[in-house]
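Structure below; questions to follow.
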Amino acid sequence: MRRNEEVAALLEQIAELLMLKNENPYRIRAYTIAAQNIRDLDADIEEIARQGKLDEIPGVGKAIAAKIEEYLRTGKLEYYEQLKREVPIQAVDLLEVPGIGPSRAHLLYEKLGITTIQQLLEAAQNHKLCTLPGFGEKLEQRIAREAARLMQRTKRLLLGVALPVAETVVTLLREVPAVRAIDPAGSLRRIKETIGDIDILVASDRPQEVVDAFTRLPIVKEVLAVGPTRPSILTREDLQVDLRVVHPDEYGSALLYFTGSKEHNIALRSLVQDRGWKLSEYGLFDETGQRVASRTEQEICACLGMDWIPPELRENRGEIQAALEHRLPQLVELSHIRGDLHVHTDWSDGHDTLERMVQAAIARGYEYIVISDHSPSLTVAKGLAVERLREQRRLIDELNERYAPFRILQGAEVNIHPDGSLDYPDDVLAELDVVIVSVHSAFDLPEARMTERVIRALSNPHVDLLGHPTGRLLNTRLPYEIDLDAVLDAAAEFGVAIEVNGQPDRLDLPDIWVQRAIQRGILIACTSDAHSTRQLDNMRWSVATARRGWAEARHVLNTRPLAELLQWLRQHRTAPHAR
DNA sequence: GCCGTTTTCGGCCCGACTGTTTTCAGTCG
């Protein structure tokens, strides 16, 4: 089992504790960077440790290498235990309160013994905070406000909720004459799975007109701030949207800056700095302080001799180096998708009829669709008994005649039992065109058993696709305990494709793992997992997640035309499955 | 704590805002 994640989490905890100690910020950053690099590592950290090559990992020097080595060998790290004795670890929660950083958090627990947000709120309400140096009345009020808001915590927004709101704003504002250019920025533009704030950037030389138009949009429920260039509103859905207006001459540098990620920006500026230049939201400046580029992102990248980096890749996971070497991936696009491989109908828990799903797929320009209703043991979803499955096949045959050349394939989303056996017998699986297997029960098995369970399922030669491999539900349910590296190794061995489920609260397989799957030569299946015609549009989120995992069209099974898909299905089922 | 074809020491991304100050520290994105 890979322990990279475990080590990364440990280093991150150390970074947080050091923050509370108000340590040297660069030392803290060193731990954060080391953690990130270890998390993104392809290789197994234990293997690297065995070879004595820990300090060859970027961001890992002698000191951190020794700590990792100790931890892997003994399962404990004395330095970390020591830190925990010195600093109350619960107090890291305080860092989540806007307005409280390392220094103030340190002061709060040191002077007032505050370690929780609840205590913080009470202290603020009792005017204890303004007794501290550097704290005044306004800060106390702000902290009270923010702490109260955090107590009834608003979860991070799902991409599938935030992006449509942002796009509405963009569409409406684009009509305003003073708006020269407009884009969503931040994690939204990077199409991250969850979004903190909705940030939108506008280029205009008449900012006041833009601000006026923005604060008067029909979707506005409340205007929160009306700065000359930074207004903020609350929509009717209670989502906060922040707008920034910049001069058109600085739009490119501002967009680059406001898109982030923070790690990407730091790495990029570091590179620029190495050349004696400077990069900020106002532009790219040479050694004499002369601005050499700022109007567009492309212009700035060109000045740096690098290719323009799609926002989805801007996470400082090697994209800057790739852009410099002109070897960025040609990312898959929604328009490459030829069909949907995972769709439900009202035969099980879908809302629309099979025929309506077919019509909706045709309306989206697809060549094919895989009907994949649930298997019998998922009774809550009206899973199909074998007889019903065969009945459905007759309907599909009939519809295939009527809608040719569009092709309906019969699949099923087959439950993986806790022991790894499947919910239909092999002869029934053999009748299906596409077999997706998924875990829908016994989520709490220990990691070893869960891993074994899924791998056993994949070893069945009828299985084509593994559905939502981690089982996570964003904001609701953690991924189940599973050794995904071992699962991906098995998928590669058995030639099984892996789903990137496009339901906005799944996005499963997650982006980082998409990249790892591709590196193993595994095919990705972008799917909507639609339970209604409208949800066929979930494909967009699936493709977005695949893009964040560096997927190109050739890595995605359903960018293939029907004939090639059928060929893959045939060939892969007859491939040897000895194990 | 990491890092290095001008460096093994002295840097480490950049600019703005806020509030508490009276020139700046802390925080944020």
Whole Å only: how far is the CD1 atom of A/I28 from the P atom of B/dC12?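 Between P of B/dC12 and CD1 of A/I28: 17 Å.
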Indicate yes or no for a side-chain donor-acceptor contact from A/N4 to the backbone of A/R39 under 3.5 Å, with no hydrogens or angles considered.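 Not at all, since once roles are kept as given, no pair shorter than 3.5 Å links the two residues.
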In B/S/- notation (B base, S sugar-phosphate only, - none; protein heavy atoms under 4.0 Å), nucleotides 23-29 of chain B written 5' to 3' is ---SSSB
Between B/dC14 and B/dC9, how far apart are the P atoms? Round to whole Å, please.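 Going atom to atom, P in each nucleotide, I get 24 Å.
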Do we see a donor-acceptor contact under 3.5 Å between the side chains of A/R189 and A/T259?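 Per modelled atom types, A/R189 and A/T259 side chains form a pair under 3.5 Å.
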Donor-acceptor pair between A/E140 and A/H127 side chains, under 3.5 angstrom: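 Distance-only check passes for A/E140 and A/H127.
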Without decimals, in angstroms, what is the distance between A/E263 CD and B/dC13 C1'?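 Rounding to the nearest Å, CD of A/E263 and C1' of B/dC13 are 12 Å apart.
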C1' gap between B/dG10 and B/dG15, integer Å: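 So the two C1' atoms sit 23 Å from each other.
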Could you walk me through whether A/V161 and A/L158 pass the side-chain contact (heavy atoms from CB on, under 4.5 Å) test, one step at a time? CA-CA 5 Å; A/V161 175; A/L158 295 182; 4.1 Å; yes
With a 4.0 Å limit, can you tell me whether A/R230 has a side-chain N or O closer than that to the phosphate oxygens OP1/OP2 of B/dC17?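 So the side-chain polar atoms of A/R230 never come under 4.0 Å of the phosphate oxygens OP1 or OP2 of B/dC17.
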Any base atoms under 4.0 Å from A/I64, or only sugar-phosphate, or nothing? Heavy atoms, all strands.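 Sugar-phosphate, backbone atoms only, no base.
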Interatomic distance where CD belongs to A/E140 and C1' belongs to B/dG19 [whole Å]: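 About 13 Å, once rounded to whole Å.
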In whole angstrom, give me the gap between the P atoms of B/dC13 and B/dG4.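 Taking atom P in both B/dC13 and B/dG4, they lie 14 Å apart.
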Checking side-chain polar atoms at under 3.5 Å, does A/Y80 have a donor or acceptor matched by the opposite partner on A/Q13?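 Yes - a donor-acceptor pair under 3.5 Å links their side chains.
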Does B/dT6 fall in syn (glycosidic angle within 90° of 0) or anti?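 Anti for B/dT6; the angle lies over 90° from 0.
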Using a distance-only test with no angle check, is there a side-chain donor-acceptor pair under 3.5 angstrom linking A/Q90 and A/T116?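 Side chains of A/Q90 and A/T116: no pair found under 3.5 Å.
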Using whole Å, report how far CG of A/N265 lies from P of B/dC13.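 Distance, rounded to whole Å: 12 Å.
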Any side-chain donor-acceptor pair under 3.5 Å between A/Q208 and A/D212?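 Checked: A/Q208/A/D212 side chains pair up, N/O donor to acceptor below 3.5 Å.
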Grab the CZ-P distance between A/R29 and B/dC14 for me, whole Å please.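 It is 10 Å, rounded to the nearest whole Å.
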5' precedence on DNA chain B between A/W277 and A/L139 (nearest-nucleotide basis):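 By nearest-heavy-atom nucleotide position, the 5'-most residue is A/W277.
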Holding to side chain to side chain donor-acceptor pair (under 3.5 Å), I want the full list of residues that pass it with A/T32, two or more places apart in sequence or in another chain.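 Side chain to side chain donor-acceptor pair (under 3.5 Å) list for A/T32, sorted by chain: empty.
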How far does CD of A/E250 sit from CZ of A/R291, to the nearest 0.5 angstrom?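 Interatomic distance, A/E250 CD to A/R291 CZ, rounded to 0.5 Å: 5.0 Å.
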In whole Å, I'd like the distance from the CG atom of A/L256 to the P atom of B/dC14.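 From A/L256 CG to B/dC14 P: 14 Å.
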Answer yes or no: does a side-chain N or O of A/Q273 lie under 4.0 Å from OP1 or OP2 of B/dG11?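 The answer is no; no side-chain N or O of A/Q273 sits under 4.0 Å from OP1 or OP2.
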How far does OH of A/Y257 sit from CG of A/L279, to the nearest 0.5 angstrom?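 Taking OH in A/Y257 and CG in A/L279, the distance rounds to 11.0 Å.
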Using a heavy-atom cut-off of under 4.0 Å over every strand shown, decide if A/L279 touches base, sugar-phosphate, or nothing.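 Contact class for A/L279: sugar-phosphate only.
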Grab the CG-C1' distance between A/L268 and B/dC12 for me, whole Å please.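 Answer to the nearest Å: 16 Å.
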For B/dT8, the Watson-Crick or wobble partner whose two distances fall under 3.5 Å: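 Its partner: none found.
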Roughly how far apart, to the nearest Å, are B/dT22 and B/dG29 at atom C1'?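 Comparing C1' positions in B/dT22 and B/dG29 gives a spacing of 28 Å.
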Quick one: A/D274 CG to B/dC12 C1', roughly how many Å, whole number?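 Roughly 11 Å, once rounded to whole Å.
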Atom pairs under 3.5 Å: protein N/O with N/O of nucleotides 3-7 of chain B:
residue	atom	partner	partner atom	Å
B/dC3	OP1	A/G59	N	2.7

Rounding to the closest angstrom, what is the interatomic distance between B/dG11 and B/dA16 at atom P?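 Those two atoms are separated by 23 Å.
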